[in-house]
Amino acid sequence: MCTFVPMVSSINKSNQIAMKKNILDFNLIANESLHSAYALMKFSPVQGTLPEMLPGQFAEVRIDDSPTTYLRRPISIHNVDYAKNELWLLVRRAGTGTDKLASLSCGAVVNMVLPLGNTFTIPTTQTHQPLLIGGGVGVAPLLYWGKELLTKGIRPAFLLGARSKNDLLQLSEFEAVGDVYLSTEDGSIGEQGFVTQHSILQQQFSYIYTCGPKPMMQAVAKIAREKSIPCEVSLENLMACGVGACLCCVENTTEGHVCVCKEGPIFNIDRLTW
Amino acid sequence: MVDLNVKIGNLELKNPVMTASGTFGYGIEFADFIDLSQLGGIIVKGTTLNHREGNPYPRMAETPSGMLNAVGLQNKGVEYFAEHIYPQIKDIDTNMIVNVSGACIEDYVATAERIASLDNIPAIELNISCPNVKQGGMAFGTTCEGAASVVKAVRRAYPKTLIVKLSPNVTDIASIAKAVEAEGADSVSLINTLMGMSIDAERRRPRLSTITGGLSGACVKPIALRMVWQVAKAVNIPVVGLGGISSATDAIEFLLAGATAIEIGTANFIDPTITVKVVNGISDYLSRHGFSSVNDIIGALEV
């Protein structure tokens, strides 16, 4: 129904994107508790249609006016359904702000600044599959990216990890997009252990994209380097402004400190000092 | 239609609302959200003579109604600013003001001289109050002698409007303000951030890599307002007020306390359109109270 064609006006060498940023009010139209710690939240703009958003980008979400949730919270874009005019966020209850957000009822109005940050890079070689590795709530941006790869005729593989079966999120959504491999620490589903120990990593892939806890991403980056597979990671540094103004969310790179909100959150591992 | 024009030395502002250094990038970061030409001025990120990487991550911690930062003046140096950033911002139709910092007096002077050569930068804000750098910064701003020495040297080298940004981390801010006024500052702006600290009790570690940082946001407003009131009574030069301003009402309180203009900082992170809302809100207030000019309410506090 609605084919999504990126209309990115420019991408410079550090992969920054010049796209119009919007401040929009959204209605919460569905809030599904996936697990005690996670919520799948579906939003629709109060007025008009969703602006263009790319996989990997994020929203700065206003929680409320309470003293303990003063700043906006950066949340990955989990999925965009332009046909239904829906934006999906996958929220982990990580503290007071995300807890309040995940506890909202349908009909709540939530203000967001979006889209922010950059996007993933399309693999140049299609001789192998791209592998998307997610841990915990880090699976969030990989669904939208997997769908985007599929629309470009590239069927992705997903390697998803969690503590146990109940912590794996959105499995049926991922299975509808590509091959899904699972790791759980307790072995309740898939292979037992960490994603980085999964046997699928014996295979060759065209590209690896990963999002999850930093130690996991660092371990994935190490494997990618060893196998000479291009690799991009999605960073989640603490942020204030979200637009490259305050310089709080910096990551140390080969070019020094750069803002994750503006030059990321997606970084090729070759730029990082990991 | 009310008159919102104010003057800071020879600098004419179309309205009293500016942005605080380090919270608004170079202005262009907010161009999608507001029409930058509606602002009285934009004070861009702290600029030093040489490139600075700033402090290690983590540099930010949220606190009740505020935040701590320890960015540490990360910037690419004044020459990079002049060559690469200035061309992008020089035609923005507002006062583009550069916040200047340094580790020693010679650095402040050299940076101010380079900025003076840029036609479309009509003023600098001299930062003698950064709490997040080991050398210079706040070291100059916490004694009358230190503040006077750097202002004296920069005043000789810098012919345009010189605003001096003061530190609240002092016992008597009014005496510092008088010291910089005596050395020829055209204006003082206050307050910079308050030294603060945050601890993660579970991990028994500080939340900032530098342990201490600068507190900003709504929580500092009563302190800033008090200091602006004290300084405005003590000096004859115009005072620029900042510290936690998050609404037009907040801004009006600073004007009533004696500020000729105000800066909005941390509130830009929460509502990127707040500056324009404050401009409109001041205008509405003046109309509602029957004032024809914003100058009618500057220092108009009735006690």
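Note that the coordinates shown come from a computational prediction; the quantities given were computed from them, not determined experimentally. Numbers restart at 1 for each chain; the letters A, B, ... are given by sequence-line order, proteins then strands.
Closest of all the heavy-atom pairs between A:Y70 and B:T266 is CE2-CG2, 3.8 Å. Annotation for B:G25 and A:A245: closest pair N-CB, 3.4 Å, computed over non-hydrogen atoms.
When atom types are taken as modelled, the side chain of A:K20 and the backbone of B:D32 share a donor-acceptor pair closer than 3.5 angstrom. The closest donor-acceptor contact from the side chain of B:Y57 to the backbone of A:L238 lies under 3.5 Å. Side chain of B:R59 to backbone of A:L247: a donor-acceptor contact under 3.5 angstrom is found.
Of the atoms belonging to B:Y26, not a single heavy atom falls under 4.5 Å from chain A. Contacts of A:V243 with chain B are made by both backbone and side-chain atoms, with heavy-atom separations under 4.5 Å. Neither the backbone nor the side chain of B:A31 comes within less than 4.5 Å of any heavy atom in chain A. For chain A, the nearby part of B:F33 is the side chain; its heavy atoms alone come within less than 4.5 Å. Neither the backbone nor the side chain of B:S21 comes within contact range of chain A; no heavy atoms are under 4.5 Å apart.
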Show your reasoning for whether side chain to side chain contact (heavy atoms under 4.5 Å, CB included) applies to A:H257 and B:R52. CA-CA 10 Å; A:H257 284 144; B:R52 284 182 58 94; over 6 Å; no
Intermediate values then yes/no, salt bridge (charged side-chain N to carboxylate O under 4.0 Å, His left out), B:E62 and A:R72: CA-CA 10 Å; B:E62 190 178 38; A:R72 289 173 181 263; over 6 Å; no
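Side-chain contact between A:C246 and B:N69: absent, with no pair of heavy atoms (C-beta onward) separated by less than 4.5 Å. Using a 4.5 Å heavy-atom cutoff, the side chains of B:F269 and A:C248 are not in contact.
The 12-atom threshold is exceeded at NZ of A:K100, counting heavy atoms of other residues, nucleotides or ligands nearer than 6.0 Å. Annotation: A:R163, atom CZ; neighbour count of heavy atoms from other residues, nucleotides and ligands within 6.0 Å does not exceed 12. Surrounding CZ of A:F194 are at most 12 heavy atoms belonging to other residues, nucleotides or ligands under 6.0 Å away. Around the NZ atom of A:K222, the shell of radius 6.0 Å holds no more than 12 heavy atoms that belong to other residues, nucleotides or ligands.
For the atom pair CD1 (B:I270) and CD (A:E60), the distance works out to 10.5 Å, reported to the nearest 0.5 Å.
Taking chain B as the reference chain and counting heavy-atom pairs below 4.5 Å, the highest number among A:T69, A:V113, A:N237 is found for A:N237. The candidate with the highest count of non-hydrogen atom pairs below 4.5 Å against chain B, out of A:S66, A:G242, A:G256, A:G97, is A:G256.
B:E29 has no carboxylate O lying under 4.0 Å from a charged side-chain N of A:K21, or vice versa, which leaves the two without a salt bridge.
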